[in-house]
Amino acid sequence: MAIEPSLIASLTWFAHIARHRSFTKAAAEMGVTRAALSQQLKALEQQLQVRLINRTTRNMSLTEEGQRLLDTLQPSLTQINQVVNELGESHTEPSGLIRLSSSRPAAKLLIEPYLGEFLSRYPKVRLELVMDDGFTNIVAEGMDAGIRLGLSVDEHMVALPITPMLTMAIVGSPDYFQRFGVPDSPMALAQHNCLAYRFTTSGTLDPWSLTSPDADKQTFVFEPKGNAVFNDDSSMLQAALQGVGLVKHFDMTVQKHLDDGSLVRVLKDWCKPFPGFYLYVPSREQMPKKIRVLMDFLLEKRGTMSPR
């Protein structure tokens, strides 16, 4: 039996509402009114003679039938959307919105310095940068791509390295070391004012993990307990530059300060390299042109970065 064309449209409206769990957010994304979406959902439920979404003035949740319908619809709608986008883009320049999830340090290191160049090169592309310290499920959150450290990227994602290998750098100002001395071992850090970074998503403090350069490769995990805690890496770095205390940061981020002498690195041999930042996407198949050019652009910039 053929499906009525109007039913296909209603199912699409339902999928948008269910994905956002919000009439307001779905309406904003689709450029319609909240009332129009509500009416579409009511009409679909009447046509199917089943309740798909439980809703109150404050909350919304899928019924068992609604979840079953969404699980069936979503893969097909995603595939249709990708095909339509690719057909439309085949002879046009990249365009449309890119929703990019990134940690704060990655955004400041890899996106902010090149944002003007990227948007000038692709004037029909819009970039929405969503910064979050936690690992974001880009599929569930409706993101197009994400940037995270390689060790934290889900194995089911397609991931490309957009930086060389990184190391963490423990740094302080020359003035600080003149006043308090230079730590010559991880154990000596307990006698220093080590400033902490708190992850905004989990609320936990970022521990300092150091590995012995000797053959035993002993790992020393140190919890910083200085007189200041930050959830913004730029503010933390400013405190180090002012001589407040020691901080741990990515070597690429602090390199310019090491080069000009405003910061000094300590315990370098105890900081081992690890996989750097990766751009990750759900799939290579039918990748929109806007995502391909972002990937190519970040790989191009990776080629200008020298491993330290």
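Numbers here simply count residues along the sequence, with the first being 1.
- Here the side chains of Y280 and L160 are not in contact, with every heavy-atom distance at 4.5 Å or above.
- Taking both residues in full, the closest heavy atoms of G172 and L246 are given as CA-CD2, 3.8 Å, listed atom of the first, atom of the second, then distance.
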Practice problem: Decide side chain to side chain contact (heavy atoms under 4.5 Å, CB included) for L73 and F14; before the verdict, give the C-alpha distance in whole Å, the side-chain angles of both, and the deciding distance to 0.1 Å. | Solution: CA-CA 10 Å; L73 281 175; F14 160 73; 3.8 Å; yes
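- Using a 4.0 Å cut-off between charged side-chain N and carboxylate O, R121 and E117 make a salt bridge.
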Practice problem: Decide yes or no on side chain to side chain contact (heavy atoms under 4.5 Å, CB included) for L100 and L279, but give the supporting numbers first. | Solution: CA-CA 10 Å; L100 177 64; L279 178 75; 4.1 Å; yes
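- Considering only heavy atoms from C-beta on, C271 comes within 4.5 Å of R265 through its side chain.
- Pairs of residues two or more places apart, or lying in two chains, that qualify as ring-ring contact (aromatic ring centres under 6.0 Å, His included) and include a residue from residues 194-218 are Y197-F199, W208-F222.
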Quiz item: L70 and T72: side chain to side chain contact (heavy atoms under 4.5 Å, CB included), yes or no, with the steps?
Solution: CA-CA 5 Å; L70 179 65; T72 302; over 6 Å; no
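- Between D260 and K256 there is no salt bridge, since none of the side-chain N atoms of the basic residue sits less than 4.0 Å from a carboxylate O of the acidic one.
- Rounding to the nearest 0.5 Å places NE2 of H192 at 5.0 Å from OH of Y176.
- The cluster map of Ile, Leu, Val, Met, Phe, Trp and Tyr, joined by side-chain heavy atoms under 4.5 Å apart, puts V182 and V254 in different clusters.
- P224 and P207 get closest at one heavy-atom pair: CD-CA, 4.4 Å.
- Between the side chains of R148 and S101, at least one donor-acceptor pair of N or O atoms lies under 3.5 Å.
- The hydrophobic cluster containing L166 does not contain W270, counting ILVMFWY residues as joined when their side-chain heavy atoms lie under 4.5 angstrom apart, directly or transitively.
- Within a 6.0 Å sphere centred on CD of Q218, other residues, nucleotides and ligands contribute 12 heavy atoms or fewer.
- Distance alone, capped at 3.5 Å, places no donor-acceptor pair between the R126 side chain and the G96 backbone.
- Of the possible donor and acceptor atoms, one in the side chain of T163 sits under 3.5 Å from a partner among the backbone N and O of F277.
- Between F250 and F274, the ring-plane angle classifies as tilted under the 30° and 60° cut-offs.
- Relative ring orientation between Y114 and F297 is described as perpendicular, the plane-to-plane angle rising above 60° on a 0-90° scale split at 30° and 60°.
- Rounding to the nearest 0.5 Å places OG of S102 at 4.5 Å from CD1 of I147.
- Atom CG in L97 sits 6.5 Å away from atom CG in D144 (nearest 0.5 Å).
- Hydrophobic clustering (side-chain heavy atoms under 4.5 Å, transitive across Ile, Leu, Val, Met, Phe, Trp, Tyr) keeps M168 apart from V171.
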Quiz item: After noting the C-alpha distance and the side-chain angles of M287 and V158, does the key distance pass the side chain to side chain contact (heavy atoms under 4.5 Å, CB included) rule?
Solution: CA-CA 11 Å; M287 185 182 296; V158 176; 5.7 Å; no
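- For the residue pair N54 and T63, no side-chain donor N or O sits within less than 3.5 Å of a side-chain acceptor on the partner.
- Considering every non-hydrogen atom in both V281 and A145, the closest pair reads CG1-CB, 3.8 Å.
- In this structure, NE2 on H257 lies 10.0 Å from CG on D259, to the nearest 0.5 angstrom.
- A donor-acceptor pair under 3.5 Å is formed between the side chain of S120 and the backbone N or O of G116.
- Remark: side-chain polar atoms of S209 are not paired, donor with acceptor, to backbone N or O of V221 under 3.5 angstrom.
- Between F118 and V125 there is a side-chain heavy-atom pair separated by less than 4.5 Å.
- Considering every non-hydrogen atom in both I17 and L37, the closest pair reads CD1-O, 3.8 Å.
- No side-chain donor from either of D251 and Q255 sits under 3.5 Å from a side-chain acceptor of the other.
- Atom-to-atom distance recorded for E45:CD and K42:NZ is 9.5 Å, nearest 0.5 angstrom.
- A distance-only check finds no donor-acceptor pair linking the side chain of D269 to the backbone of S212 [under 3.5 Å].
- Side chain of R34 to main chain of A28: no donor-acceptor pair is present (N/O by atom type, distance under 3.5 Å, no hydrogens or angles).
- Taken to the nearest 0.5 Å, the OG atom of S22 stands 13.5 Å off from the NE2 atom of H16.
- Under a 4.0 Å N-O distance rule, the pair D233/R104 does not qualify as a salt bridge.
- Exactly one residue among K301, R302, M305 makes a side chain to side chain contact (heavy atoms under 4.5 Å, CB included) with L110. That residue is M305.
- Between D232 and K108 there is a salt bridge, with a side-chain nitrogen of the basic residue lying less than 4.0 Å from a carboxylate oxygen of the acidic one.
- Atom CZ of R51 sits in a crowded spot, with more than 12 heavy atoms from other residues, nucleotides or ligands closer than 6.0 Å.
- Using a cutoff of 4.0 Å between basic side-chain nitrogens and carboxylate oxygens, K248 and E223 are not scored as salt-bridged.
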